[in-house]
Student: 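The structure under discussion is supplied below as structure tokens; questions concerning it will follow.
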Amino acid sequence: MVGSIEAKPLLTNGSVQQNGLNLVEKLDDFRRLLGKSDKDPLKIVSIGAGAWGSVFAALLQESYGSFRDKFQIRIWRRPGKAVSRSTAEHLFEVINSREDILRRLIRRCAYLKYVEARLGDRTLYADEILKDGFCLNMVDTPLSPLKVVTNLQEAVWDADIVVNGLPSTETRQVFEEISKYWKERITVPIIISLSKGIETALAPVPHIITPTKMIHQATGVPIENVLYLGGPNIAAEIYNKEYANARICGAEKWRKPLAKFIRQSHFIVWDNSDLVTHEVMGGLKNVYAIGAGMVAALTNESATSKSVYFAHCTSEMIFITHLLAEEPEKLAGPLLADTYVTLLKGRNAWYGQMLAKGEINRDMGDSISGKGMIQGVSAVGAFYQLLSQSSLSILHPEEKKPVAPVESCPILKTLYKILITREQSTQAILQALRDETLNDPRDRIEIAQSHAFYRPSLLDQP
């Protein structure tokens with residue numbers, strides 16, 4: 001049944017087989033790398049309980065949770081987040097539509113509180129329902145029950161692996177607090193970041209700061225122990241065992257054993273050494289996904305209009321990657337795949353659609369009930385700020401004078417005026433597609449490919 005814990009074939013020693021691999025052997029191999037003793041379980045904590053962070057924790061729980069003397073996982077989220085009455089009513093419908101979930105809650109003596117919440121007789125809280133396997137950002141996809149901790153110090157102080165499931169806008173602040181609890185720590189933890197947003201810094205030179213960099217700066221954990229995991233996927237679909245893949249990026253010391261440890265039969269994890277660039281690309285596609293949602297809503301899902309937008313936005317992304325990467329052609333596949341799935345079903349495209357339809361507005365902020373943080377909004381501001389710096393000027397092909405790179409990115413400029421300065425309405429995105437200069441989007445790509453664009457300083461690299 002979808003979302004339930006699948007029965008896995010047992011080996012003669014009582015361990016579990018997964019896609020031909022002995023899970024106990026995988027777990028023991030990784031524990032051995034960390035120098036864990038027999039009576040010391042591998043301790044993992046996921047920080048942040050958004051959709052991807054919750055699903056990632058649930059996947060590991062279902063794979064290794066039965067080996068309690070060898071493995072422990074918990075998830076931290078802030079306490080006090082109330083579940084709205086409408087969400088409680090919908091959650092009650094989800095529970096009663098799934099016999100396996102209904103029986104599980106009854107066995108755990110947890111069903112009555114959902115009845116009371118449905119009737120309006122009590123308030124549920126996000127950390128409370130997460131213990132029963134319900135992530136507030138995707139209540140339609142019940143997960144396995146999780147051990148939830150609301151005290152940050154308790155969650156992280158002895159963790160061997162910390163998973164960053166926070167939005168990029170919250171990462172630095174939370175990990176600065178975490179660093180206070182690690183001052184007396186002897187062993188160095190491994191940190192896996194799932195976050196795809198970015199920040200821009202202008203000193204000493206304009207550059208991008210990614211979540212892994214924020215974590216490194218905030219905690220002092222060596223960068224070789226900080227990795228990024230991401231790929232073209234939707235969290236709920238991964239949990240529902242739809243085939244997916246991702247890349248874990250970082251130093252070879254940890255990325256290869258972690259790829260093996262995380263990999264499941266339906267979730268293939270590759271490894272790559274290019275940490276920062278993959279992170280940045282994950283943030284870049286969120287920018288253009290918002291615009292795609294706007295175009296879809298404003299044109300009544302016109303396939304032609306969406307294809308025109310796709311041509312323009314991909315040419316801008318290729319243009320930007322030539323500034324950021326020495327070998328941008330290697331990023332084309334992963335970037336387009338991640339962009340494609342985000343346009344199809346991601347929260348950033350949904351956000352753009354709802355803005356254009358008038359069902360939400362910018363005054364509601366970037367954190368939307370039932371969806372979580374819309375990271376593309378802050379990424380629009382960060383990329384615009386970075387690419388508008390005169391110190392990065394490029395030669396305009398027609399006017400033959402230096403211009404900031406953002407002048408070659410009309411979609412990005414328009415999204416900035418819609419989302420950040422709010423000087424234009426969502427209708428402006430359609431005007432941006434009507435290129436009055438009659439320039440083929442391909443021209444933008446040719447400009448990037450024919451010039452020495454690469455600026456290593458943008459990614460804070462020598």
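Starting from 1, each residue takes its place in the sequence as its number. None of these values were measured; they are calculated from a predicted model.
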Student: Show me, pair by pair, the donor-acceptor contacts under 3.5 angstrom made by side chains of residues 46-58, not counting sequence neighbours?
Tutor:
from	atom 1	to	atom 2	distance (Å)
Ser46	OG	Gly53	O	3.4
Ser54	OG	Ala49	O	3.2
Ser54	OG	Gly50	O	2.8

Student: If the condition is side chain to side chain donor-acceptor pair (under 3.5 Å), which residues does Lys371 pass it with, not counting sequence neighbours?
Tutor: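 In terms of side chain to side chain donor-acceptor pair (under 3.5 Å), with neighbours along the sequence ignored, Lys371 is linked to no residue.
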Student: If you measure from the Lys or Arg side-chain nitrogens to the Asp or Glu carboxylate oxygens, is any gap between Asp69 and Arg31 under 4.0 Å?
Tutor: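 Answer for the salt bridge query: no.
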Student: Please tell me if the side chains of Glu170 and Ser195 come closer than 4.5 Å, counting only heavy atoms from C-beta onward.
Tutor: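 No - every pair of side-chain heavy atoms lies 4.5 Å or more apart.
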Student: Taking all heavy atoms of Arg74 and all of Ala155, pick out the closest pair and write down the distance.
Tutor: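 Smallest heavy-atom distance, with atoms named: NH2-O, 2.8 Å.
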Student: Working to the nearest 0.5 Å, report the span between OG of Ser369 and CG of Asn137.
Tutor: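 Nearest 0.5 Å value for the OG-CG distance: 8.5 Å.
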Student: Identify each donor-acceptor pair in which a side-chain atom of residues 285-296 lies under 3.5 Å from a protein atom, sequence neighbours left out, and give them as a table.
Tutor:
from	atom 1	to	atom 2	distance (Å)
Lys285	NZ	Thr342	OG1	3.0
Asn286	OD1	Asn348	ND2	3.0
Tyr288	OH	Glu316	OE1	2.7

Student: So, taking the atom named SG in Cys313 and the one named CG in Leu412, what distance separates them when rounded to the nearest 0.5 Å?
Tutor: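 Rounded to the nearest 0.5 Å, the SG-CG separation comes to 11.5 Å.
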Student: If we ignore hydrogens and angles and just use 3.5 Å, is the side chain of Gln375 paired with the main-chain N or O of Ser168 as donor and acceptor?
Tutor: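 Yes: the side chain of Gln375 pairs with the backbone of Ser168.
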Student: How far apart are the closest heavy atoms of Glu128 and Thr123, and which atoms are they?
Tutor: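 Heavy atoms only, the tightest pair is OE1-O, 4.1 Å.
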Student: Give a yes/no verdict on a cation-pi contact between Lys113 and Tyr111, requiring under 6.0 Å between NZ or CZ and the six-membered ring centre and an angle within 45° of the axis.
Tutor: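 Geometry flag: not set, cation outside 6.0 Å or 45°.
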Student: Check Asp338 with Arg247, please: is the shortest side-chain N to carboxylate O separation under 4.0 Å?
Tutor: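 No, Arg247 and Asp338 are not salt-bridged.
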Student: Do the non-hydrogen side-chain atoms of Met214 and Ile209 ever get within less than 4.5 Å of each other?
Tutor: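 Yes. Closest side-chain heavy atoms under 4.5 Å.
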Student: Dump the intermediate steps for side-chain contact (heavy atoms from CB on, under 4.5 Å) on Thr314 and Thr339, then the final yes or no.
Tutor: CA-CA 9 Å; Thr314 51; Thr339 302; 5.6 Å; no
Student: Quick check on Arg103: does its CZ atom have over 12 non-hydrogen neighbours (other residues, nucleotides or ligands) under 6.0 Å away?
Tutor: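 Not more than 12 within 6.0 Å, no.
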Student: Does Ile429 reach the side chain of Ile411, with side-chain heavy atoms less than 4.5 Å apart?
Tutor: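 The answer is yes, as the side chains (C-beta and beyond) meet within the 4.5 Å cut-off.
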Student: Are the side chains of Thr277 and Leu324 in touch, meaning some heavy atoms are under 4.5 Å apart?
Tutor: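 Thr277 does not reach Leu324 side chain to side chain.
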Student: Under a 4.0 Å threshold between the charged nitrogen and the carboxylate oxygen, would Arg32 count as salt-bridged to Asp29?
Tutor: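 Arg32 and Asp29: salt-bridged.
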Student: Working to the nearest 0.5 angstrom, can you tell me the gap between Glu177 CD and Gln153 CD?
Tutor: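 Those atoms lie 9.0 Å apart.
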Student: Assess the residue pair Arg422 and Asp363 against the criterion (salt bridge (Lys or Arg N to Asp or Glu O under 4.0 Å)); give the C-alpha distance rounded to whole Å, side-chain angles, the decisive distance to 0.1 Å, and a yes or no.
Tutor: CA-CA 10 Å; Arg422 306 190 193 183; Asp363 292 333; 2.7 Å; yes
Student: How close do Arg255 and Gly250 get, counting heavy atoms only, and between which atoms?
Tutor: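 Smallest interatomic distance, heavy atoms only, reads NH1-O, 2.9 Å.
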Student: OG1/Thr171 to NZ/Lys213 distance, rounded to the nearest 0.5 angstrom?
Tutor: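 If I round to the nearest 0.5 Å, the distance is 15.0 Å.
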Student: Using modelled atom types only, decide if a donor and an acceptor are shared between the side chain of Arg185 and the backbone of Thr187 within a distance under 3.5 Å.
Tutor: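 Checked: pair present.
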Student: Would you find more than 12 non-hydrogen atoms of other residues, nucleotides or ligands less than 6.0 Å from Asn151 atom CG?
Tutor: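 Correct, the count exceeds 12.
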Student: For Asp40, enumerate each residue passing the side chain to side chain donor-acceptor pair (under 3.5 Å) test, keeping only those at least two apart in sequence or located in another chain.
Tutor: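 Residues passing side chain to side chain donor-acceptor pair (under 3.5 Å) with Asp40: Lys36, Lys43.
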Student: Check this for me, if you would: do Glu199 and Arg172 make a salt bridge, where the nitrogen-to-carboxylate-oxygen distance has to be below 4.0 angstrom?
Tutor: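 Yes, charged N to carboxylate O under 4.0 Å.
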Student: Does Tyr384 have any side chain to side chain donor-acceptor pair (under 3.5 Å) partners at least two apart in sequence or in another chain, and if so, which?
Tutor: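 Expected list: none.
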Student: As a quick check of understanding, evaluate ring-ring contact (aromatic ring centres under 6.0 Å, His included) for Tyr64 and Phe30, giving each step before the final call.
Tutor: CA-CA 12 Å; Tyr64 301 109; Phe30 194 75; 9.2 Å; no
Student: Starting at CD of Glu89, measure out to CZ of Phe92 and round the result to the nearest 0.5 Å.
Tutor: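 So the CD of Glu89 and the CZ of Phe92 are separated by 10.5 Å.
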Student: Would you name the heavy atoms of Asn164 and Ser193 that are closest together and state the gap between them?
Tutor: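 Of all heavy-atom pairs spanning Asn164 and Ser193, the closest is ND2-OG, 3.1 Å.
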Student: side-chain contact (heavy atoms from CB on, under 4.5 Å) between Leu258 and Ile161: does it pass, once the steps are laid out?
Tutor: CA-CA 10 Å; Leu258 278 169; Ile161 299 176; 4.2 Å; yes
Student: Does Tyr340 have more than 12 heavy atoms from other residues, nucleotides or ligands lying within 6.0 Å of its OH?
Tutor: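 Check fails, neighbour count at 12 or below.
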Student: Looking only at atom types and distance, does a side-chain atom of Arg104 sit under 3.5 Å from a main-chain N or O of Asp132, one as donor and one as acceptor?
Tutor: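 Yes, Arg104 side chain to Asp132 backbone: donor-acceptor pair under 3.5 Å.
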Student: Under the 3.5 angstrom rule, does the side chain of Asn233 hit a backbone N or O of Asn245 as a donor-acceptor pair?
Tutor: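 Looks like yes, one N/O pair under 3.5 Å.
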Student: Report yes if the side chains of Phe175 and Val221 come closer than 4.5 Å at any heavy-atom pair, otherwise no.
Tutor: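 In short, these two side chains do not touch, never coming nearer than 4.5 Å.
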Student: Could you go through Ile192 and Ile262, starting from their C-alpha distance and side-chain angles, then the distance that decides it, and tell me whether this counts as side-chain contact (heavy atoms from CB on, under 4.5 Å)?
Tutor: CA-CA 11 Å; Ile192 304 172; Ile262 296 168; 4.3 Å; yes
Student: If I compare all heavy atoms of Gln424 with all of Thr414, which pair ends up nearest, and what's the gap?
Tutor: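 For Gln424 and Thr414, the tightest heavy-atom pair comes out as OE1-CG2, 3.9 Å.
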Student: List in chain and number order the residues that pass side chain to side chain donor-acceptor pair (under 3.5 Å) with Lys345, two or more places apart in sequence or in another chain; answer none if no residue qualifies.
Tutor: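 With sequence neighbours excluded, Lys345 shows a side chain to side chain donor-acceptor pair (under 3.5 Å) to Glu237, given in chain and number order.
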Student: What's the spacing between Ser378 OG and Asp366 CG if we round to 0.5 Å?
Tutor: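 Reported to 0.5 Å precision, the distance equals 6.5 Å.
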Student: Specify whether Phe71 and Phe261 have parallel, tilted or perpendicular ring planes, treating 30° as the upper limit for parallel and 60° as the lower limit for perpendicular.
Tutor: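 Taking Phe261 first and then Phe71, their aromatic rings sit tilted (interplane angle of 30° to 60°).
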Student: Are any non-hydrogen side-chain atoms of Leu284 and Phe383 less than 4.5 angstrom apart?
Tutor: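 Yes, close enough: below the 4.5 Å cut-off.
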Student: Any donor and acceptor pair, going by atom type alone, linking the side chain of Lys26 with main-chain N or O of Lys260 inside 3.5 Å?
Tutor: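 It does hold such a pair.
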Student: Tell me if the CD atom of Gln173 is crowded by more than 12 foreign heavy atoms within 6.0 Å.
Tutor: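 For Gln173, atom CD is not crowded (no more than 12 foreign heavy atoms under 6.0 Å).
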Student: Report yes if some heavy atom in the side chain of Ile238 is under 4.5 Å from a heavy atom in the side chain of His266; otherwise report no.
Tutor: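 The answer is yes; the side chains approach within 4.5 Å.
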Student: Any donor and acceptor pair, going by atom type alone, linking the side chain of Asn240 with main-chain N or O of Glu242 inside 3.5 Å?
Tutor: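 The answer is no, because no donor-acceptor pair under 3.5 Å joins these two groups.
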Student: Side chain of Arg263, backbone of Val269: donor and acceptor closer than 3.5 Å?
Tutor: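 Yes: the side chain of Arg263 pairs with the backbone of Val269.
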Student: Check the pair Val94 / Tyr114 against side-chain contact (heavy atoms from CB on, under 4.5 Å), numbers first and verdict last.
Tutor: CA-CA 11 Å; Val94 171; Tyr114 293 98; over 6 Å; no
Student: Would a distance-only check, ignoring hydrogens and angles, find a side-chain to backbone donor-acceptor pair under 3.5 Å from Glu279 to Thr212?
Tutor: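 Looks like yes, one N/O pair under 3.5 Å.
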Student: The test is side chain to side chain donor-acceptor pair (under 3.5 Å); show your working for Thr304 and Ser302 and say whether it passes.
Tutor: CA-CA 5 Å; Thr304 300; Ser302 164; 4.6 Å; no
Student: Keeping Trp182 on the side-chain end and Gly220 on the backbone end, is there a donor-acceptor pair under 3.5 Å?
Tutor: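 No: the side chain of Trp182 does not pair with the backbone of Gly220.
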Student: Between Ser63 (side chain) and Leu60 (backbone), is there a donor-acceptor pair under 3.5 Å?
Tutor: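 Absent.
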Student: So, for Val83 and Ala126, which heavy atoms are closest and what is the spacing to 0.1 Å?
Tutor: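 Looking at all heavy atoms of both residues, the shortest contact is CG2-N, 3.9 Å.
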Student: Within the structure provided, determine whether Ile360 and Leu355 are in side-chain contact (heavy-atom separation under 4.5 Å).
Tutor: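 Side chain of Ile360 against side chain of Leu355, heavy atoms only: contact under 4.5 Å found.
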